Amino acid sequence: KTQVELGSTATDYEDYGYYFIKNDAIITDKELENAGQAADAKATGDILKNISMVGKNKFNGTWQNGVQIDANGNEVPSVKNASSSYIKTDQQTQYTAKCYGSNLTFTNIYAIYYDSTKSKINATSAAGKQITFTTPANCAYIRLMTYQAATTGTGLVPEKTQVELGSTATDYEDYGY
């Protein structure tokens with residue numbers, strides 16, 4: 001069995017799976033059990049409030065066609081670009097982003113880094129529909145941006161996008177929530 005994990009300390013092996021998150025912490029089996037045994041829907045809802053399931057795909061955003069992110073981090077109109085919404089990331093962490101779609105014509109993809117106040121830090125680019133990058137020390141968010149030299153304004157918005165940990169793009173999976 002193989003396990004890949006963040007950090008420099010190896011932990012005990014555990015099977016791949018999903019975790020349920022509540023207020024940025026993994027919830028316990030006991031909390032889930034209590035939710036299943038609650039006497040009414042309101043009690044169940046109170047227990048399960050703010051719980052989300054987290055999968056490998058970190059992209060839960062949207063794309064805007066015709067939007068370029070300029071050198072200062074501002075959105076400006078452009079028929080050569082499409083830009084994503086903000087995606088929460090960890091600092092100094094390697095990610096791979098891949099865009100999927102049958103009619104994509106863009107030639108480059110950018111990962112644009114932002115701090116916790118959503119001020120632009122810098123950016124990285126790659127040719128093609130995929131980019132692997134490591135977030136800088138003070139990075140809290142990224143945005144993705146596509147680019148094509150032609151000015152048609154079409155083929156810029158992916159049908160699906162996946163952002164995941166590591167340097168390898170794996171099979172697409174919907175965002176876990």
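Only this structure's heavy atoms are used, side chains among them; waters, hydrogens and symmetry mates stay out. Note that the structure is a prediction, hence the values are computed from the model and not measured.
Contact record, Tyr141 with Cys139: O-SG, 3.2 Å, taken as the closest heavy-atom pair. Between Thr105 and Lys129, the shortest heavy-atom distance links the atoms C-NZ, 4.4 Å. For the residue pair Ala169 and Gln130, the shortest heavy atom distance occurs at CB-OE1, 3.5 Å.
Side-chain contact between Pro136 and Asn122 is present, with at least one heavy-atom pair separated by less than 4.5 Å. In this structure, the side chains of Phe133 and Gln94 stay at 4.5 Å or more apart for every pair of heavy atoms. Between Thr89 and Val163 there is no side-chain heavy-atom pair separated by less than 4.5 Å. Side-chain contact between Arg143 and Lys120: absent, with no pair of heavy atoms (C-beta onward) separated by less than 4.5 Å. Counting heavy atoms from C-beta outward, Tyr113 and Asn138 have side chains that stay 4.5 Å or more apart. Between Tyr100 and Pro158 there is no side-chain heavy-atom pair separated by less than 4.5 Å. Contact annotation: the side chain of Leu165 approaches that of Thr93 to within less than 4.5 Å [non-hydrogen atoms, C-beta and beyond]. In this structure the side chain of Thr170 reaches within 4.5 angstrom of the side chain of Gln162, judged on heavy atoms.
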Item to check | side-chain contact (heavy atoms from CB on, under 4.5 Å) between Tyr172 and Asp174, worked out | outcome: CA-CA 7 Å; Tyr172 177 81; Asp174 287 334; 3.2 Å; yes
Next on the checklist: Under the criterion side-chain contact (heavy atoms from CB on, under 4.5 Å), I'd like the reasoning laid out for Phe106 against Cys99: C-alpha separation, chi angles, the key distance, then a yes or no.
Outcome noted: CA-CA 10 Å; Phe106 66 85; Cys99 299; 3.8 Å; yes
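The number of heavy-atom neighbours closer than 6.0 Å to CG of Asn74, taken from other residues, nucleotides and ligands shown, is above 12.
Between the CD1 atom in Ile109 and the OG1 atom in Thr161 there is a gap of 7.0 Å [rounded to 0.5 Å]. Taking CG from Asn103 and OG1 from Thr154, the interatomic distance works out to 8.5 Å, rounded to the nearest 0.5 Å. Here OH of Tyr110 is found 7.5 Å from CG of Asn81. Values are rounded to the nearest 0.5 Å. Ile112 contributes atom CD1, which lies 10.0 Å from atom OG of Ser125 (distance to the nearest 0.5 angstrom). Atom CG of Asn60 sits about 4.0 Å away from atom OH of Tyr175, to the nearest 0.5 Å.
Between the Glu159 side chain and the Ser102 main chain, a donor and an acceptor come within less than 3.5 Å of each other. Judged by distance alone, with hydrogens and angles left aside, the side-chain atoms of Gln148 form no donor-acceptor pair with the main-chain N or O of Gly155 at under 3.5 Å. Of the possible donor and acceptor atoms, one in the side chain of Thr135 sits under 3.5 Å from a partner among the backbone N and O of Gln92. Panel note: side chain Lys160, backbone Lys98; no donor-acceptor pair is recorded below 3.5 Å.
Cluster annotation: Val157 is not connected to Tyr147 through the hydrophobic network of ILVMFWY side chains, with a link wherever side-chain heavy atoms come within less than 4.5 Å. When the side chains of ILVMFWY residues are joined at heavy-atom separations under 4.5 Å, either directly or via intervening members, Phe59 and Leu104 end up in a single hydrophobic cluster. Under the 4.5 Å side-chain contact rule for hydrophobic residues, Ile69 and Ile121 do not share a cluster. Cluster membership for Tyr114 and Ile131, using ILVMFWY side-chain heavy atoms within less than 4.5 angstrom, is not shared.
No donor-acceptor contact under 3.5 angstrom links the side chains of Ser83 and Glu75, judged on distance only. A side-chain donor from one of Thr132 and Thr96 sits under 3.5 Å from a side-chain acceptor of the other. Inspection of the Thr146 and Trp63 side chains reveals no N or O donor paired with an N or O acceptor under 3.5 Å.
For the pair Lys58 and Tyr95, the cation-pi criterion (under 6.0 Å, within 45° of the ring axis) is not fulfilled.
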